[in-house]
Student: 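Below: one structure in structure tokens.
Since this is a predicted model, take the numbers as computed values, not measurements. Note that ligands are numbered from 1 as they come in the structure, with each ligand's atoms numbered from 1 the same way.
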Amino acid sequence: VIRLRGMLLLLLVALTLPATARDYNTMYSAQQLQRANAVYSPNILAVLHEDIAPYLLPAEKQTLEAVTLLQPWDRTVDPFEFAARADTREILIPTFSVKFFDELAIATAWFERFDCRKETIGDYVAALDFSTLQLPPILAALSLPEDAYKLDSFVDDVSQKALKSAVAFLLMHELAHVHLNHASYDRISANTAQQQEAQADAFAMRIMRRMRLPPLGMAVWFNAISLRDPLLPGSNRQTHPLTSSRLQAIADELRRQPYDFISSENRGKISEAQIVATAGDFETIATLMDTPDMRTYLRQRGSQVTLEQLATACN
Ligand SMILES: [Zn+2]
């Protein structure tokens, strides 16, 4: 009995050990990231200064004019890293994060188009934190070709819209941190950090509404970050993990006059019902996040998935 108890204790300790941050340095080659940087960086600069800028109020525009947009190709700390510093007025958009999200959006659209098991995409994301497997980039892991978007016009269209709207939202969220002169997260309480996140989201949603930009990619983004380890050591997630109230606030914004998010050119292509459905997606993610033992569930999902399961989910 004593030995069994010892083993049980060991097992418990093993189950509660913190996940360690994955090393992303080898996920893409330097050449791949440099090539991606050449494609993405002028586009992202244009999203900020051509697509978003006309919808900013004068004071917001003044902030934008003082901002430096950093798009390093060689920063691979985390695939979901987008950040801002108010004191230096810098917005950081690592090419690695954009490339990773682009592939995630393509994989999501592909799985929808060909009716594959969509949970597998979530398994891959959970595995980033909770598995020790050497993971290839998501398209390679799912055995999808790197140019999958070229093979199907639905996949191309949906993934491009998702990338564009998610990047626009994230740029505006980061711009908000600069505009509202938010403090660095290492100097404030978790509670204040959560408030800053909510304020930055609200700022971004206000401008999305002015732009009449449909929020179609945001659910892909938030779904993915909801599947990560909320307590990864050394990460911002430890002080202010994504909360269900943050997701609910975005859902509420989408439900309030959903018509606002449909531009004249999108009339007939996107319906109010689709915007409301996106709000529902956010609420589903929020509900799942509030499930007791969410982290245990994520650990199970992420640590149990095999490369074989990933590679055969859509064939
Ligand atoms: Zn933020």
Side-chain angles (χ1 to χ4, degrees), residues 21 44 47-48 52 55-56 59-60 63-64 66-72 75 77-98 100-101 104 125 128-129 162-209 211 213 215 217-254 282 285-286 289:
I44 289 171
V47 170
L48 191 57
I52 296 173
Y55 296 93
L56 298 178
E60 295 161 354
T63 301
L64 175 61
V67 155
T68 307
L69 183 60
L70 304 173
Q71 301 191 71
R75 188 175 165 89
V77 176
D78 189 273
F80 293 88
E81 183 189 41
F82 292 87
R85 275 185 63 173
D87 57 348
T88 56
R89 293 181 177 141
E90 287 168 331
I91 294 179
L92 174 69
I93 312 285
T95 293
F96 174 51
S97 303
V98 181
F100 189 91
F101 184 78
L104 178 71
V125 175
L128 292 174
D129 287 337
L163 176 66
K164 196 175 170 185
S165 72
V167 163
F169 174 83
L170 293 164
L171 282 168
M172 293 184 283
H173 174 105
E174 300 307 337
L175 180 65
H177 285 314
V178 178
H179 185 64
L180 302 171
N181 205 14
H182 281 164
S184 165
Y185 286 129
D186 49 19
R187 280 181 232 144
I188 54 176
S189 69
N191 199 25
T192 311
Q194 296 284 8
Q195 279 171 21
Q196 289 189 173
E197 285 308 288
Q199 284 172 359
D201 285 345
F203 177 98
M205 290 304 292
R206 271 201 302 278
I207 303 166
M208 297 265 298
R209 194 184 289 278
M211 293 172 74
L213 187 64
M218 288 167 54
V220 175
W221 164 264
F222 278 100
N223 182 50
I225 59 172
S226 78
L227 297 172
R228 304 205 62 200
D229 182 359
L231 299 173
L232 190 80
S235 119
N236 269 346
R237 282 177 261 159
Q238 253 194 335
T239 53
H240 60 286
L242 177 66
T243 57
S244 58
S245 61
R246 208 181 140 192
L247 295 169
Q248 188 59 53
I250 294 172
D252 292 346
E253 271 303 305
L254 295 176
F282 274 87
I285 305 167
M289 284 193 70

Student: Please list, in chain and residue-number order, the protein N/O/S atoms closer than 2.8 Å to the Zn ion (ligand 1).
Tutor: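 Protein N/O/S atoms under 2.8 Å of the Zn ion (ligand 1): H173 NE2, H177 NE2, E197 OE1, E197 OE2.
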
Student: Counting heavy atoms not belonging to R237, are there more than 12 under 6.0 Å from its CZ?
Tutor: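 Correct, the count exceeds 12.
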
Student: Could you go through the ring pair (Phe, Tyr, Trp, His ring centres under 6.0 Å) check for F101 and F82 one step at a time?
Tutor: CA-CA 11 Å; F101 184 78; F82 292 87; 7.9 Å; no

Student: Between S165 and M218, which heavy-atom pair has the shortest distance, and what is it?
Tutor: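 For S165 versus M218, the nearest heavy atoms are OG-N, 4.2 Å.
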
Student: So among E197, Q195, H177, which one has a side-chain hydrogen bond (donor to acceptor under 3.5 Å, both in side chains) with H182?
Tutor: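 Per the side-chain hydrogen bond (donor to acceptor under 3.5 Å, both in side chains) rule, the option paired with H182 is H177, out of E197, Q195, H177.
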
Student: Nearest 0.5 angstrom please: I91 CD1 to L171 CG, how far?
Tutor: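 Interatomic distance, I91 CD1 to L171 CG, rounded to 0.5 Å: 6.5 Å.
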
Student: Parallel, tilted or perpendicular: which one describes the rings of F100 and F80, with boundaries at 30° and 60°?
Tutor: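 Taking F80 first and then F100, their aromatic rings stand perpendicular (interplane angle over 60°).
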
